[in-house]
Number of protein chains: 2
Amino acid sequence: MNFQQLRYVRETVRRNLNITEAANALFTSQPGVSKQIKELEEELGVEIFERRGRRFVGLTEPGKAVVRIVERVLEEAENLKRVGRDFADRESGNLTIATTHTQARYALPRVVADFRKRYPNVHLALQQGNPQTVAQMVMRGEADIGIATESLDAYPELLALPGYQWTHVVITPLDHPLAKVARLTLEEIAKYPIITYSPEFTGRSHINEAFTARGLEIDVVLTAIDSDVIKTYVELGLGVGIIAGVAYDAARDTDLKALDARHLFRGNTTRVAIKRGTFLRGYTYDFIEGFAPQLTRKAVERALAGDAESYEL
Amino acid sequence: MNFQQLRYVRETVRRNLNITEAANALFTSQPGVSKQIKELEEELGVEIFERRGRRFVGLTEPGKAVVRIVERVLEEAENLKRVGRDFADRESGNLTIATTHTQARYALPRVVADFRKRYPNVHLALQQGNPQTVAQMVMRGEADIGIATESLDAYPELLALPGYQWTHVVITPLDHPLAKVARLTLEEIAKYPIITYSPEFTGRSHINEAFTARGLEIDVVLTAIDSDVIKTYVELGLGVGIIAGVAYDAARDTDLKALDARHLFRGNTTRVAIKRGTFLRGYTYDFIEGFAPQLTRKAVERALAGDAESYEL
DNA sequence: TATCCTTACGGAATTCGTAAGCATG
DNA sequence: CATGCTTACGAATTCCGTAAGGATA
């Protein structure tokens with residue numbers, strides 16, 4: 001058994017059981033992959049792939065178990081290399097952050113700027129997506145950390161640490177009747193067409209909850225994944241907007257008024273997700289702490305160790 | 001990077017950083033080990049071992065991280081082989097159970113007998129030890145499962161599932177004054193010398209708790225790890241015994257009287273421990289279920305998946 | 001001086017790519 | 001007949017053991 005064999009198996013599974021594609025992806029010859037897989041099967045004493053004639057059509061029962069473990073072995077092997085890179089050169093490498101629009105646009109710029117100053121030789125990549133995509137990118141190892149408000153804590157493979165709390169604000173054009181109400185209520189808001197986030201995004205669930213809990217029907221005329229789009233349409237008078245508080249900037253959004261809605265909607269927690277069992281590079285801890293000061297290296301490590309072993313030699 | 005290198009590193013650590021011993025243990029040449037370790041260090045770009053001249057004197061900082069991950073990789077690799085063996089031949093193999101005297105003597109015989117009938121070709125091994133040893137044997141992979149009443153749930157690396165509940169009984173010679181008391185109390189018991197388990201064993205902690213909670217001093221004249229020893233000395237009139245209910249057998253212990261003490265001491269839970277992340281062979285699940293019927297394969301797998309991934313292909 | 005790691009070197013084993021073969025849709 | 005896995009074989013690489021060298025306690 002060797003790592004090459006395991007890599008071949010993993011890649012073949014990822015490429016829909018097509019050995020030829022796997023071989024191409026790994027820049028090697030197809031017969032080599034075929035042979036190595038066969039040898040692994042012989043060594044383990046089980047067939048991993050179900051064959052119809054000479055074609056792979058699925059995984060056998062033991063194959064499923066094997067593949068699951070193979071993934072883990074290769075992950076740990078990847079961790080080993082990361083340890084090496086981390087200690088060999090703490091100042092350079094890659095850091096990929098999967099996040100949503102709102103975070104990338106409003107919460108992260110300051111953090112990223114500080115990080116760049118501290119680690120000019122780390123190549124930063126921001127990957128945008130909806131919260132589910134963010135979670136998947138982290139789980140697949142395509143991103144080192146994920147930052148989003150929804151759904152990150154729904155996966156046992158991920159550790160989702162609370163980063164910061166925020167509430168929604170209601171935004172209106174300057175002369176809107178809602179802007180003159182003494183104390184904002186859900187009933188008042190429900191009278192107007194509403195523009196807000198797409199269902200899977202940025203605390204949208206808490207918005208719906210609040211209205212339905214009061215038995216109020218709302219008329220959502222437009223949804224976007226993007227606070228800027230929402231603001232644009234509110235400025236045009238299409239309705240009142242409900243967006244994340246962080247996304248309103250009094251200095252720049254001079255055509256809009258923001259109404260405090262803290263008492264109307266449940267607070268939201270934006271979380272940082274990392275994949276359990278992954279070795280994090282030193283600068284990754286620093287990035288996380290830059291984003292949420294209470295998430296120090298110690299704190300993150302303690303959370304990670306929650307279910308892992310923590311022995312010293 | 002290959003498995004051989006990782007094995008060499010692990011063995012060297014286990015043999016107190018002595019490459020020569022590691023080479024002997026793995027039936028290979030010492031220069032081979034030396035070279036492979038060096039090559040791994042080069043590939044990872046860090047020194048794993050701290051050297052004074054040509055001698056290994058410790059692990060470097062990165063070395064500690066590396067060793068921890070190496071252990072995990074090799075464990076998973078071992079799991080892969082187990083999968084193979086399990087599917088290739090579900091009826092034979094090894095099963096090592098680490099447990100305490102009381103369990104081995106009173107709770108397990110029936111389970112073991114049934115198991116032997118069902119799996120005549122599985123080689124069973126019972127390893128006896130105190131609860132801490134039991135836990136360690138499971139953690140080190142020297143035993144597949146551990147069964148004990150104390151301390152198994154103190155290790156995050158282990159999953160400790162509740163097997164069965166039991167309470168203590170007080171045993172006395174037939175003509176002992178305590179045997180005539182209408183309703184047994186702690187105060188009554190405390191009047192006599194007591195013979196019971198060693199501190200680290202079989203629910204002993206609950207015994208002490210009960211007396212000290214009442215402010216009672218007890219005179220423990222003799223402790224043993226072994227219910228049979230305790231019974232012997234009680235028969236000799238050295239004192240009253242406090243043992244696990246399961247350890248009293250009315251049919252055989254005709255010289256002793258057992259007094260219900262359910263209302264005096266906290267109940268105890270005997271647990272089955274398995275190491276997280278280990279692949280369990282089919283018959284291991286069957287053994288566990290034989291021991292505690294509620295711990296079906298499904299139930300155990302669900303508990304194991306509690307923090308691991310559980311995806312299907 | 002005994003222990004223990006490193007270096008050097010040659011033979012053995014493994015890996016890998018090319019070319020050809022064969023089964024499926 | 002195009003796609004895709006297997007078999008065969010030779011070249012290149014890697015692995016591993018023996019022998020010798022050097023450093024520490």
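A, B, ... follow the sequence lines: proteins, then strands. Residue 1 opens every chain. Note that the coordinates shown come from a computational prediction; the quantities given were computed from them, not determined experimentally.
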Nearest-0.5 Å distance, CZ of residue B:R85 to CG of residue A:L44: 10.0 Å
First locate atom CG of A:N18, then atom CD of A:Q30, and finally report the distance between them rounded to the nearest 0.5 Å.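 With rounding to 0.5 Å, CG (A:N18) is 9.0 Å from CD (A:Q30).
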What's B:I37 touching, base or sugar-phosphate or nothing? Going by heavy atoms closer than 4.0 Å. nothing
Hey, does the side chain of [X] reach the backbone of [Y] with a donor-acceptor pair shorter than 3.5 angstrom?
X: A:N79; Y: A:G277; value: yes
X: B:T99; Y: B:Q128; value: no
X: A:E41; Y: A:I48; value: yes

Using a 4.0 Å cut-off on heavy atoms, which residues in residues 43-54 of chain B reach DNA chain D? List them by number, or say none. B:R52, B:G53, B:R54
Given C:dC4, is OP1 or OP2 found less than 4.0 Å from the side-chain N or O atoms of B:S34?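 Negative; the distance criterion is not met.
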Restricting to side chain to side chain donor-acceptor pair (under 3.5 Å), what partner residues turn up for B:R118, sequence neighbours left out?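 Applying side chain to side chain donor-acceptor pair (under 3.5 Å) to B:R118 gives B:E91.
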Quick check on B:N16: does its CG atom have over 12 non-hydrogen neighbours (other residues, nucleotides or ligands) under 6.0 Å away? no
Boundaries of the chain B footprint along DNA chain D (any atom under 4.0 Å from a heavy atom):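 Endpoints of the contacted stretch of DNA chain D: D:dC15 to D:dA25.
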Report the residues that fulfil ring pair (Phe, Tyr, Trp, His ring centres under 6.0 Å) with B:F115, sequence neighbours left out, ordered by chain and then residue number.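 Expected list: B:Y119, B:F287.
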Counterpart residues, ring pair (Phe, Tyr, Trp, His ring centres under 6.0 Å), relative to A:F49 (two or more places apart):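 Only A:F56 meet the ring pair (Phe, Tyr, Trp, His ring centres under 6.0 Å) criterion with A:F49.
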Minimal non-hydrogen separation, A:V70 against A:R10, with atom names: CG1-CB, 4.4 Å
Using a cut-off of 4.0 Å between protein heavy atoms and nucleotide atoms, how would you tag nucleotides 14-20 of chain C 5' to 3' with B, S and -? -SSBBB-
